[in-house]
Amino acid sequence: MFVKNAWYVASRIEDIAEKPLARTICNEKMVFYRAKENKVAAVEDFCPHRGAPLSLGFVENGELVCGYHGLVMGQDGKVISMPSQRVRGFPCNKTYATIEKYGFVWVWPGDQSLATEAQLPALEWADNPEWAYDGGLFHINCDYKLMIDNLMDLTHETYVHSSSIGQKEIDDALPKTLIEGDKVITERFMENVEAPPFWKMALRGNQLADDVLVDRWQRCHFFAPSNVHIEVGVAHAGKGGYQAEPQNKVSSIVVDFITPETETSHWYFWGMARNFQAQNHELTQQIKAGQNTIFSEDLDMLEQQQQNILDHPNRKLLMLNIDAGGVQSRKVIDRLIEKEKTNTQHISHLNIS
Amino acid sequence: MFVKNAWYVASRIEDIAEKPLARTICNEKMVFYRAKENKVAAVEDFCPHRGAPLSLGFVENGELVCGYHGLVMGQDGKVISMPSQRVRGFPCNKTYATIEKYGFVWVWPGDQSLATEAQLPALEWADNPEWAYDGGLFHINCDYKLMIDNLMDLTHETYVHSSSIGQKEIDDALPKTLIEGDKVITERFMENVEAPPFWKMALRGNQLADDVLVDRWQRCHFFAPSNVHIEVGVAHAGKGGYQAEPQNKVSSIVVDFITPETETSHWYFWGMARNFQAQNHELTQQIKAGQNTIFSEDLDMLEQQQQNILDHPNRKLLMLNIDAGGVQSRKVIDRLIEKEKTNTQHISHLNIS
Amino acid sequence: MFVKNAWYVASRIEDIAEKPLARTICNEKMVFYRAKENKVAAVEDFCPHRGAPLSLGFVENGELVCGYHGLVMGQDGKVISMPSQRVRGFPCNKTYATIEKYGFVWVWPGDQSLATEAQLPALEWADNPEWAYDGGLFHINCDYKLMIDNLMDLTHETYVHSSSIGQKEIDDALPKTLIEGDKVITERFMENVEAPPFWKMALRGNQLADDVLVDRWQRCHFFAPSNVHIEVGVAHAGKGGYQAEPQNKVSSIVVDFITPETETSHWYFWGMARNFQAQNHELTQQIKAGQNTIFSEDLDMLEQQQQNILDHPNRKLLMLNIDAGGVQSRKVIDRLIEKEKTNTQHISHLNIS
């Protein structure tokens, strides 16, 4: 079950160029391509003629042509033409609302009459010269909600990422979880600790001493349907921590867009946005490489956790205080899914009466 | 569901030599081997002793010996012997009628009392010194009926084979479909067109000019249970087209024997027979290599089409005029399957009363 | 269905070192590790917190730590601690009795209150300086009972191992099967035969002539739950055969510990123990290499036999005289499984009343 009436990141903007791109999102097989005026369109990846994937075709004059027998599909899901055929009676394909913004292509798998640009998240770091951003994409064979759990409970850093961002003090600093409507925040503050290797690298990158104690923070923000952005940073100890002046700290936002593929797989768009040394591209690449290494460490754990849960269908999982971020985020998801169901029933009811 | 009482190509003759060959045809696991007098025999690939595949065994004095404990299987499905055992009460294996003809081993998966050589297709090009033939074999993960559709609707050439045999004019020349009993013919004629690259190569191969306009034809013959042979050719324009004299045309037969393996996989024996330059072996190899390249282009499309259809169980496929060849061929198959069912019920009824 | 209240070989002792080892035995996912005092412990491979496999974690001071969030699992299945958590109410994991003996780690997948060291088999050759032993481990995708069949009916040697230990005379010497409680013995004696290549090598290894006729024997011992040890050997002909004096024979024990993984896969611990030239390590390696080659020949046959049986669910297998060893061994297994079921029902009944 997925929240369908919401924006998900489908790809980076540059991933959709001349060739159509096939991607399954929330169990819907979609094909993305550049339609008229170079705008991204998304339709069901199924040719109404003989069922070939339209993504094996090509784009001609901004129109998607099936690579099997030349049916031309419109971005409104109506068949435009087919050699020597009258196509008026052909069945239509489902289409999906899309927006290109912040460097990403966003897709709305549900009822596109409900999709508005205003519902996109506001990302202060995107398209902003004072910030630098870069990241990557993983395909992961586990429920997207296990990834949300992972990111909303950073105690795993001590164990999974012990050589880069983990440190024992994370275990000792209990997180606090706040709920604001459909948003969940889990925050943790550590004082007078030694910076772990990744943060020493970042301190040096911002021309700060890396051999002094620091105050460290992690503020995980879940926002519906399934994205997690984490404010992270360290300040030289005693300079105000999270509130410290820019010259005493180094901070950034871990940017995670989590897009469900099926019930047990998802697309994981990860990255980091920072507002120090924004023009230092070498530092950007260094951070991206470090993040790539760190996030790779989660893959095996998440996929094997998924398999283990499937193998033990009768075992319940615990929900501890450290899990509050994930638990509350799942509650938001469940509530939104329930709301969509009720609305759909309501609409059905109206139609019938 | 398959037509069982029919001849299917099981392999090329040379594929069955010293070692037994395992092949699943119409969902029946068979083992082929050279029995007495070097004749090909086919029995169920299951040792009645402990279930080992007989195809892992060996042939000794024209008898198939199980490679596990030495049971000797007769080509009549009766166990001949087993070391230190009386085998009279052993259960029998199913056996299959086979014929070696036209360079192929043919098998009859159904009731072998109904199998006669007369039911083999008559192939004028085979074993005929005025003709040359060569081809290859693909294993394809899709319903064999999707391959029949593919071959009975050559409008796909324009899209799938655009750089070799495809050309826009195919789309414009509507095909005509004729039904003659269990045979279906779909034919298309194009006049005053430029020959596509494959045919320019063939014109040169037959010492004809390749820089003049041609008349082109495609006549697809479906014959039960699941084979498609296509008369193809080009003649210098205005010389009579399909009816042109030999010195003005180049023509051949695309030979496709399609043998179902399971409901979603098949063996595809493809080849080309031609009656010009029949002794030019270099040309034969050139044509085979070209065909191999062209037919490989269909593989991904067919396998992904199959997967897409399985993923969309509720979507119906369209049946357009261009699909008439495939649609009519499927009707023949359905009718033959229905007939076999009725006959079987009739036999059951007789047995019971 | 498996006999659960029994000792199975889980691994060689040296396979469990610093890192935890995941192994599924009788459908139970277990993690093995070195607990306090270096003793091997085994618990369910499932973290009660969020379902991660504990085998991805590490051992610290003899305690198993989950690699995801640091939960510390006790070898009694009770959670010992977790950073910043009270763990008293946490659900327990199943644990498994283990023993290290004879170079192996043994595990008891069932009710560990019934497990006693006395129920381990007595192995005269193990930890005995007059004997040499070495062997290997295969993972095989077939029912462990097919492997028991294989080892209790050595007529397959003539076919599967024709170039090493097979010989035609095996087929002619009918085996005799004896049943002693939960033990099954199948024995076969051949007189005045030529030694096959493996045994010629062994004769030379024991400094005996290899160019004279021999008497050969095979005595297969099945003991519950699923292990087969085979006394094998050859003596110079006429010197008493199985009863011959040591200076006239070369003999050894083929040691097979067969541990079910799932219904269609198992772990196969094979080896050979001998009491001649026990200190000749080069000979030990030579025998192990030979055995490795020979036993590899069974793999493909067993896995394809399994697949063929699954593909033919309605076909029954034969039970011939040569199969008596396997048939009787399966009867023992069935009887023990039945007994466990009855006992469990009895216990349930007592609990209810």
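Lettering follows sequence order; numbering is per chain, from 1.
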- Please indicate whether A:M319 has more than 12 foreign heavy atoms, meaning atoms of other residues, nucleotides or ligands, lying under 6.0 Å from its CE. no
- Heavy-atom neighbours of C:E14 CD exceed 12 at 6.0 Å: yes
- Item | Top contributor to chain A interface from C:P83, C:A52, C:G57 [non-hydrogen pairs under 4.5 Å] | C:P83
- What residue, out of C:P91, C:C66, C:P53, has the most heavy-atom pairs lying under 4.5 Å from chain A? C:P53
What are the sub-3.5 Å donor-acceptor pairs between chain C and chain A, distances to 0.1 Å?
unit_1, atom_1, unit_2, atom_2, d
C:K29, NZ, A:N308, OD1, 3.0
C:K29, NZ, A:D311, OD2, 2.8
C:E44, OE1, A:R315, NH1, 3.1
C:E44, OE2, A:R315, NH1, 3.1
C:D45, O, A:N308, ND2, 2.9
C:H49, O, A:L318, N, 2.9
C:H49, NE2, A:D323, OD1, 2.9
C:H49, NE2, A:D323, OD2, 2.7
C:R50, O, A:Q305, NE2, 2.7
C:R50, NH1, A:L318, O, 2.7
C:R50, NH2, A:D149, OD2, 2.8
C:G51, O, A:N308, ND2, 3.0
C:Y68, OH, A:N150, ND2, 2.9
C:H69, NE2, A:D153, OD2, 3.3
C:S84, OG, A:D171, O, 2.4
C:Q85, NE2, A:N321, OD1, 2.5
C:N93, OD1, A:R315, NH1, 3.1
C:N93, OD1, A:R315, NH2, 3.3

- Message: According to side-chain contact (heavy atoms from CB on, under 4.5 Å), who are the partners of C:A35, at least two apart in sequence or on a separate chain?
- Response: C:Y33, C:A41, C:Q75
- Message: What part of A:L146 gets within 4.5 angstrom of chain C, counting heavy atoms only: side chain, backbone, both, or neither?
- Response: backbone
- Item | For C:F46 against A:L317, the heavy-atom pair lying closest together | CZ-CD2, 4.0 Å
- Message: Among A:I309, A:L174, A:L302, A:I322, which residue has the highest count of heavy-atom pairs closer than 4.5 Å to chain C?
- Response: A:I322
